[in-house]
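In the text below, chain A, chain B and the rest are named by the order of the sequence lines, each starting its count at 1.
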Number of protein chains: 2
Amino acid sequence: MIIRIDPASATPIFEQLVRAVRGEILAGRLAAGERLPAARELADSLEVNGHTVLHAYQTLRDEGLVELRRGRGAVVTSAATELAELRRHAVDLVVAARERGITPDAVLALVREELSR
Amino acid sequence: MIIRIDPASATPIFEQLVRAVRGEILAGRLAAGERLPAARELADSLEVNGHTVLHAYQTLRDEGLVELRRGRGAVVTSAATELAELRRHAVDLVVAARERGITPDAVLALVREELSR
DNA sequence: ACCTATTTGTCCGTATGTATG
DNA sequence: CCATACATACGGACAAATAGG
């Protein structure tokens with residue numbers, strides 16, 4: 001997993017990490033059961049503090065994307081990969097809508113209708 | 001607001017703080033708009049680290065019970081007080097059920113029925 | 001418009017505890 | 001029993017938003 005951090009950015013380092021990992025998961029490049037690098041290890045390689053990475057990992061845990069366990073590390077949850085699969089369908093829907101010149105509101109209305117069935 | 005912390009307890013300090021403040025809110029002793037003591041101030045008075053109190057406050061924020069703003073502090077949300085009011089009704093319900101010797105399952109079934117209306 | 005005090009936000013460093021394997 | 005890796009807590013520093021004068 002390749003992550004790049006911009007220490008000069010206005011967005012906090014821990015949030016950059018959250019976005020990077022979340023992106024990897026939602027893009028399907030990190031599947032359920034796969035392990036993230038150990039927090040301190042990643043911290044060392046990025047030259048940031050271990051807490052900063054841990055804070056990011058804990059945020060991802062709060063979002064339900066990873067499971068944290070002492071001695072085992074951070075593991076991508078199955079819910080996360082399911083979310084990634086769901087996202088692919090969402091992308092398909094939006095692409096199809098754009099191809100047909102359908103307005104965003106109409107798309108949302110359609111999805112709402114299906115959800116309320 | 002009187003909070004007591006047991007440093008020797010197995011439950012983490014920050015969680016003891018979360019429970020204490022949450023309890024105050026749900027008991028109605030802290031109403032919407034009221035401010036919690038400044039994190040570092042409370043930390044000093046309890047002789048714990050400022051980070052520890054801040055961690056507790058941020059947990060409460062994640063639960064939607066307080067709003068945190070730089071320079072303003074931690075303010076109890078209206079959602080929190082509404083939750084407290086809801087809790088009072090729940091207590092009333094349980095008390096009334098116990099007085100009448102109604103089983104917990106029956107109470108839950110009743111509530112479910114009302115919710116599904 | 002300016003300045004100052006307050007207070008949370010983030011980050012660094014360090015240390016110890018504790019569940020996992 | 002031992003290595004790994006997260007969990008918690010301590011301490012210190014500076015940034016950034018808010019409120020008030």
Applying salt bridge (charged side-chain N to carboxylate O under 4.0 Å, His left out), which residue pairs with at least one partner in residues 51-64 of chain A are found, sequence neighbours left out? A/Arg22-A/Glu63

Could you list the donor-acceptor pairs under 3.5 angstrom formed by side chains in residues 29-49 of chain A, with sequence neighbours left out?
residue	atom	partner	partner atom	Å
A/Arg29	NE	A/Glu24	OE1	3.1
A/Arg29	NE	A/Glu24	OE2	3.3
A/Arg29	NH2	A/Glu24	OE2	3.2
A/Glu34	OE2	A/Ala31	N	2.9
A/Arg35	NE	A/Arg72	O	3.4
A/Ser45	OG	A/Leu42	O	3.0
A/Asn49	OD1	A/His51	N	2.9

Show which side-chain atoms of residues 87-113 of chain A pair as donor or acceptor with protein atoms under 3.5 Å away, not counting sequence neighbours.
residue	atom	partner	partner atom	Å
A/Arg100	NH1	A/Ala96	O	2.9
A/Thr103	OG1	A/Ala106	N	3.3
A/Glu113	OE2	A/Arg117	NH2	3.4

Assign a letter to each nucleotide of nucleotides 3-10 of chain D from its 5' end: B, base within under 4.0 Å of a protein heavy atom; S, sugar-phosphate only; -, no contact. -BBBBBBB

Without placing hydrogens or testing angles, list every side-chain donor-acceptor pair under 3.5 Å for residues 3-10 of chain A, not counting sequence neighbours.
residue	atom	partner	partner atom	Å
A/Asp6	OD1	A/Ala8	N	3.0
A/Ser9	OG	A/Thr11	N	3.0
A/Ser9	OG	A/Thr11	OG1	3.0

Under the side-chain contact (heavy atoms from CB on, under 4.5 Å) rule, collect the residues that match up with B/Thr77, sequence neighbours excluded. B/Glu67, B/Ala79, B/Ala80

